[in-house]
Structure formats: structure tokens, C-alpha cells
Novice: 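Just dropping this structure here.
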Amino acid sequence: MHGNDAAPGRGLWTSRLAFILAATGSAVGLGNVWRFPYVTGENGGGAFVLLYVVCVAAVGLPIMMAEVMLGRRARRNPIDAMRSLAEQEGRSPQWVWVGRMGMAAGFLILSFYSVIAGWILAYVFRMAGGVFHNAQDAETVGRVFTDLISDPERLLAWHTIFMVITVAIVARGVEHGLERAVRYLMPALFGILVLLFVYAATTPAFLEGVEFMFVPDFGKLSGQAVLEAMGMAFFSLSLGMGAIMVYGSYLPREASIARTCITVAAADTAVALLAGMVIFPIVFSNGLAPAQGPGLVFTTLPLAFAQMPLGTLVGTLFFILLVFAAVTSSISLLEPPVAWLLENGRMDRAKAAGICGFIAWVLGLGTIFSFNIWADYKWTLSLDFTRVQYVLFRDKTFFDIVDFLTANIMLPLGGLLIALFAAHLMRRESCEDELAMDGWHFNLWYFLLRYVAPVAVGLIFLNAIGVFGWVGGGGG
Ligand code: TRP
């Protein structure tokens, strides 16, 4: 990073490409390979996938552009960015709450993200050690996974290691090494996914798997599934909590925001769809359940590696690359609060990263225990009125709740507020000036941000708690 048009003391990406790489690094991660497939499986496939893609294009992309725009315009961490933009535009200082809620969401997401990334780390060693070499059947592979998650000490160790890695990188400044990691390792990850896809195409249930993903059956779609699809789009694009805003705050003035965001969203969606097309054929070919939950990748991919030539090597490489993908995402979750502390707290980067990482680490304990000693603690939250009952969620573990509240509530809410602020409260000329798009494209973006995104998010929220059905809701 160099510093010509940045605020004093702040860095700047060296080029538009550096930003694309960083933002793609943030977007592509466990969300694509771990979360997207299992959430798709739980929500019945095709119709969910279609909605997800629509949400990415019609809601996610416009909001992503807005987030980058706000970050670049303010050149500050999300909390101070919202404060200074609100002031510039003559609006209430309460808009800082968008930044604050985003940071809270970031801590919560990082807390479970690190735990799951820990599972990936554990799998690097299981693959390399040849654990799956002769484990050609789904049952043995499933047992390896259950053994791992039922041992809190092991999970704690891996969670700690992953968090230390994240903190160490953020402590040095996110740009160091990031560029290379994303430029070479992401395409390598994509390459192995393509290889896995070729393998998946040889399995007996290939067509069944692809059909599951792409043939929509809207009858299976509940209000909650629609909410999940939107939440998945926000999660996968790293939207709604200020991560992309912080990255945008380091973006040079001359870079085109629209083109950049389209590239990032397209790459992110391609990886998610490809991961699904690999995993579902394996699921159906081995008689596994698509709706088995967060263990889905861990019980399917090892089967593929066990049956592939050079599977141990390719599998080990795959999990290593996935660790890199997870790190380039986790650093973007830690960066907003670290940038805030740096710009307000009179401390150095290392200390700020250490403090924030520790908070997320502690919160992560709840996720660890959700898979073993707290597995039986489940909560339901509903608002009961005399005539109606709104079910917010039902029978969820601690991890399920944190995941649900962040991805499905906090991120879309943050995105909704960002859209309202940028498209209704900021002067149109401010947006035009920052985005520098030609008229037709600008109008399309403005329309999507002003009307389509807020209305979609609002309706999906109301629909999910059953407002339109009047009883019970789709709670699931
Ligand atoms: N998008 C990342 C993934 O798919 C996760 C992530 C990184 C994220 N930063 C974020 C999610 C900010 C929401 C908000 O793995």
C-alpha cells in the first residue's frame, strides 16, 4: 500500500487488482465450500440455489457497491465512516450504529468461523496422515468426523491455532502476503475443485446431484428457506458488517467500483456453485443425507479423495488451500474493529489485533461446546401475541443461534441500513461522484439500491417470521 490519496496514516491498495484480490479473498472462503453446500442441503436444493443467485445479483451486488462506495468516500473504519458521512450529508449521528452492529456481527462470525477453520486444519493432518486412504465407505469417514467434533479439547486446540494465525496476519497489516496468497492459491483451490468435479461426474448419482442443485421445486421452499438464501448471499459476499467497507476505504480513487464488485461477486458465486456440484453427486452416490448439517463437506470430500488417484496428495493440498481461503476471509472479519481501535485507541496494530482476536476466541468456545458438551441445549425464540405467534427460530444450539442471528438477521439488516443511507439519505450527486458510472448503469444501480434491495430484505424478514401466513411462520 502507498499513501497518496489516503487520509494521513492510512494505507492504500497499490492497485485495483490488489483490491479485487483482497475482496475476493474475503468473499471466497468457508462460506462457499462449507456453508453453502450444507445450507443448500438443508433447504432442499434447486429453489434455494436459484433464490441465492437472484439475491446475489439483485440485492448483494448493489449493496456491495454501496458499501465500497461509503468506505472509499469516508476513508475511515466503519464506525467513524458512518459518523463522518452522516455529518457530511447532514444526517443523524446515530448512523454510527450501523458500524457498531457490523463490528459486533464480525466478532460473532469470526468466533465460529475460526472453530470451523480449525476443523479444516485438523483435516489437513488427517488427509496427510493417510487416515482416509482405506476409508472408502461413508460410515468410516463419518466416524472420523464425529470423533473430531465430540472432543472439545481438540477443537479448542485447532480453534486457538487458527485464531493465532489470523491475529498474526492482521497484526502485520492485511496487505502483507495477501496479494500472493489470493493470486496463486485461490486459482489453485479452484483447480482442485474442477478436478473434483471431473471425479464427481464419474459417480453414479452425478445427474441426481446436479438436478438437486438446479431443478427448483418451489413447493419445498419455506419462508425460512428464503431468509436463509438471502443470508447466504450476504455471508458469502462478506456484506453488511463493514468488512468490504474497510477494504473499500483503502481503494484508490480512480478504480471503478462497479467493475470491481462484479468481478468479486462472479468469482464468489462460481466457487460456491462448483463446490455444490462436487458435493451433491457424492452425497447421493453414497446414500448420504443432504440435510445432515455442518458436517457435510467433511463427510463427503474425503470419500472422493479416497477413490481418486493420488487422492492423499490432492486431498491434503485441497485442505491446505482451503485453510488459506479461510485465512483471507477471517482477516477481513477482524480488520474493522482493529482499524477502529487503531484510529481511536492510541495503540499499535499488534495490540489491537490481539485484543480483538481474544474476544472472538472466547466467544468461539460456545461454538465448540455446541458440538459436544452443550449439544443438547437448544433454544426456541418466539414472540407470542394473543392472536399470532412469530417464531424467530426453533430448537437451535448456541452455534446455530450465532450463525442464524449473524448471517440471517444482522448482515441483511446492516445491508438494508447501508442501502437506505446511501440511496435515500446521501445526496444523489455524492453517489454519482464516487461511482463515476455512465448514466444508464448508474440509474440501474440506484434503482436496485433504492427500491429493490430494501423492499426485498424487508419482505423476506416479514415472510420468515410468518407475517403473511398469520400463524406459526415457517420457523425451522
Ligand atoms: N465471505 C466469507 C466466506 O464466504 C466469510 C466472511 C468474511 C464474511 N468476511 C465476512 C461474512 C464479512 C460476512 C461478513 O467464507
Side-chain angles (χ1 to χ4, degrees), residues 21-40 52 55-56 59-61 63-64 67-68 71 77-78 98-99 101-120 162-163 166 169-170 174 178 181-182 186 189-190 193 228 230-248 261 264-276 294 297 321-339 356 360 402-415 418:
L21 291 171
T24 310
S26 169
V28 176
L30 302 181
N32 309 62
V33 178
W34 160 72
R35 199 176 186 279
F36 172 76
Y38 96 75
V39 176
T40 299
Y52 164 73
C55 283
V56 166
V59 180
L61 189 58
I63 291 180
M64 187 181 208
E67 226 186 292
V68 176
N77 69 80
V98 175
M101 180 181 71
M103 287 192 198
F107 279 117
L108 291 168
I109 295 173
L110 181 58
S111 78
F112 71 78
Y113 205 83
S114 169
V115 173
I116 310 297
W119 301 358
I120 307 280
F162 185 82
M163 194 64 85
T166 301
I169 296 178
V170 173
V174 288
L178 183 91
V182 181
M186 290 285 160
L189 180 68
F190 195 78
L193 277 172
E228 291 271 358
M230 177 176 70
M232 190 60 236
F234 276 89
F235 187 93
S236 192
L237 295 172
S238 303
L239 287 186
M241 55 72 66
I244 290 295
M245 199 188 288
V246 163
Y247 278 15
C261 290
V264 174
D268 184 68
T269 308
V271 176
L273 294 180
L274 188 57
V297 254
L321 293 170
L322 199 49
V323 170
F324 275 101
V327 171
T328 59
S329 299
S330 65
I331 59 178
S332 76
L333 288 161
L334 199 55
E335 184 63 16
V338 168
C356 296
V402 175
D403 174 85
F404 177 84
L405 284 184
T406 50
N408 298 341
I409 309 290
M410 294 171 92
L411 299 181
L413 188 61
I418 286 171

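Residue numbers start at 1 and run along the sequence shown. Side-chain atoms are counted along with the backbone in the values below, which use heavy atoms only and exclude waters and symmetry mates. In each ligand, atom 1 is the first atom listed, and ligand 1 is the first ligand listed.
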Novice: Only one of V271, L193, L274, L322 clears side-chain contact (heavy atoms from CB on, under 4.5 Å) with N32; which?
Specialist: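 Between N32 and the candidates, side-chain contact (heavy atoms from CB on, under 4.5 Å) is satisfied uniquely by V271.
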Novice: Does E67 reach the main-chain N or O of G242 with its side chain, forming a donor-acceptor pair under 3.5 Å?
Specialist: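 Judged by distance alone, yes, a pair lies under 3.5 Å.
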Novice: For each nitrogen or oxygen atom of ligand 1, which protein N/O atoms lie closer than 3.5 Å, and how far apart are they, rounded to 0.1 Å?
Specialist:
residue: ligand 1; atom: 1 (N); partner: S26; partner atom: O; Å: 3.2
residue: ligand 1; atom: 1 (N); partner: A27; partner atom: O; Å: 3.1
residue: ligand 1; atom: 1 (N); partner: F235; partner atom: O; Å: 2.8
residue: ligand 1; atom: 1 (N); partner: S236; partner atom: O; Å: 3.2
residue: ligand 1; atom: 1 (N); partner: S238; partner atom: OG; Å: 2.9
residue: ligand 1; atom: 4 (O); partner: A27; partner atom: O; Å: 2.8
residue: ligand 1; atom: 4 (O); partner: G31; partner atom: N; Å: 3.3
residue: ligand 1; atom: 4 (O); partner: N32; partner atom: OD1; Å: 3.4
residue: ligand 1; atom: 9 (N); partner: S238; partner atom: OG; Å: 3.3
residue: ligand 1; atom: 9 (N); partner: S332; partner atom: OG; Å: 3.0
residue: ligand 1; atom: 15 (O); partner: L30; partner atom: N; Å: 3.1
residue: ligand 1; atom: 15 (O); partner: G31; partner atom: N; Å: 2.8
residue: ligand 1; atom: 15 (O); partner: Y113; partner atom: OH; Å: 2.5

Novice: Going by the rule side chain to side chain donor-acceptor pair (under 3.5 Å), which residues pair with T40 if we only count those two or more places apart in sequence or in a different chain?
Specialist: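 Checked T40 against side chain to side chain donor-acceptor pair (under 3.5 Å); zero matches.
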Novice: Taking all non-hydrogen atoms of both residues into account, name the closest pair between L30 and Y113 and its distance.
Specialist: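 For L30 versus Y113, the nearest heavy atoms are N-OH, 2.8 Å.
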Novice: Enter the distance from I331:CD1 to S26:OG here, rounded to the nearest 0.5 Å.
Specialist: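 If I round to the nearest 0.5 Å, the distance is 8.5 Å.
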Novice: Report the residue from L273, V28, V56 that forms a side-chain contact (heavy atoms from CB on, under 4.5 Å) with D268.
Specialist: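 Only one of L273, V28, V56 forms a side-chain contact (heavy atoms from CB on, under 4.5 Å) with D268, namely V28.
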